[in-house]
2 protein chains.
Amino acid sequence: MLQAAIRVLQAQGYKITEPRKQVLEVLEGAQKPLSPYDIQSFLKQKGKYLNHVTIYRILDLFCSLNLAHKVLSIGGFVKCSLGTAEGCHRFMVCHQCGAIQEFADKELCQGEDAFTRNLGFHTKYHLSESSGLCADCFRKQFEEQKLG
Amino acid sequence: MLQAAIRVLQAQGYKITEPRKQVLEVLEGAQKPLSPYDIQSFLKQKGKYLNHVTIYRILDLFCSLNLAHKVLSIGGFVKCSLGTAEGCHRFMVCHQCGAIQEFADKELCQGEDAFTRNLGFHTKYHLSESSGLCADCFRKQFEEQKLG
DNA sequence: GGCTGATTGCAACATTGTTGCATCTAGCTT
DNA sequence: AAGCTAGATGCAACAATGTTGCAATCAGCC
């Protein structure tokens, strides 16, 4: 996975630097979207230091290469898990634990395209964030209700 | 329209104050999403002053009552045009002129629900932002291409 | 090992959002 | 119509987030 991202960087002529590898690694290991400052404090705990400006620039780069996405409802970044779906970012966000999962579905895109086209709009990028409960949190809540 | 919003406020026991009426009016007249500070400078031009804290609080209230929505990809607020669609906010954003239009479609919601349910996720809120070109900007671009 | 352009760090700043508390006012009561 | 009071606003101070220009550094080339 990390290797794949590194290959993308190389292919586009970007240098493989320590800061870039570190940010990649952090995103890789994260279960939730991380803001630039989240990433900074995460690294600080491991005794590493990156200037926040650097992190912003690295994330900008990653997003432009589709190696990461910004989750708007949270303001954090996640590693892109679906290199395929260009111009279409769909996430499920658990509002309990913050867990996030990316998904893609052509039919949804087509549905949105069709609907907006009827209104004279020419859609280029899709963004959708479905928030609710992930499987784990739903089960927990369900069991609590049974008890209560 | 403005009257409708005022009635919602009254019905919930909130006071009808000058600042709240002013923010409502600004949102009403806007073609694009406005950030809290946008609203402040807009009012300043008309010789009126509101503290930015006040604007933040008013917008929070409006959002909680579904009188306004925050458009995440832009960070601005729009007046809610579809009082109906609770838990479902869909926008088309023109990345040329910034124009915005809200829409709703049950089928899209159902599609998203079905898809995420298959992944064990229980969706409660839908958010989608389709960005592209509005009818006007598309036409302009098309004509420019013909000339160039 | 040295060169060079890309990358990072730094400092300073701009913007955006938050909190606690004093003051004021909308809408009720009398 | 005047007074009362909870709710709303303003203010000040601060916290968090994001940006810019420039000097120092380093990855990947020779």
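Letters A, B, ... are given to chains in the order of the sequence lines, protein chains preceding strands, and every chain is numbered from 1.
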In whole angstroms, the gap separating P of C:dG9 from CD1 of A:I55 amounts to 9 Å
Would you check if there is a donor-acceptor pair between the side chains of B:S130 and A:T116 at a distance under 3.5 Å? no
For this session: Assign the ring pair B:Y56 / B:Y37 to parallel, tilted or perpendicular, where the plane angle (0 to 90°) is split at 30° and 60°.
Result: perpendicular
Contact check, residues 33-43 of chain A vs DNA chain C, heavy-atom distance under 4.0 Å, returns none
Per atom distances to the A:T17 side chain, the nearest of C:dT8, D:dT20, C:dG5 is C:dT8
Taken to the nearest whole Å, NZ/B:K15 to C1'/C:dA26 is 5 Å
From the candidates C:dT8, D:dA27, D:dC11, the one with an atom nearest any side-chain atom of A:P19 is C:dT8
CZ (A:R90) and CD (A:E129) are apart, to the nearest 0.5 Å, by 11.0 Å
If you take atom types as modelled and just measure distance, does the side chain of A:H52 reach the base of D:dT19 with a donor-acceptor pair under 3.5 Å? yes
message = Strictly below 4.0 Å: does B:Y49 bring a side-chain N or O up to OP1 or OP2 of D:dC11?
response = yes
Taken to the nearest whole Å, CD1/B:I58 to C1'/D:dT9 is 8 Å
Of C:dT25, D:dG10, C:dA6, the nucleotide closest to the side chain of B:L50 is D:dG10
Atom CG of B:L9 and atom P of D:dT9 are separated, to the nearest Å, by 10 Å
Heavy-atom nearest nucleotide on DNA chain C taken for B:V53 and for A:Y14; more 5' hit belongs to A:Y14
When rounded to whole Å, the OH to P distance for the pair B:Y56 and D:dA15 reads 17 Å
When rounded to whole Å, the CG to C1' distance for the pair B:L24 and D:dA8 reads 15 Å
*So, the side chain of A:K48 versus the backbone of A:P19: is there a donor-acceptor pair under 3.5 Å, distance only?*
no
B:L59 CG to D:dT9 P, in whole Å, measures 11 Å
When every non-hydrogen atom of B:R20 is compared with those of B:Y14, the smallest separation belongs to NH1-CB, 3.7 Å
- Between B:Q145 and B:Q141, does any side-chain donor sit less than 3.5 Å from a side-chain acceptor? no
For this session: For the pair A:F91 and A:H89, name the ring-plane relationship: parallel under 30°, tilted 30 to 60°, perpendicular over 60°.
Result: tilted
Going by modelled atom types, is there a donor-acceptor pair between the base of D:dG7 and the side chain of B:R57 at under 3.5 Å?
no
Rounded to whole Å, the CD-C1' distance (A:Q10 to D:dG28) equals 10 Å
Among the nucleotides D:dG18, C:dA26, C:dG9, whichever has the atom closest to the side chain of A:N51 is C:dG9
Residue pair B:K70/B:I16 against DNA chain C: nearer the 5' end by closest nucleotide is B:K70
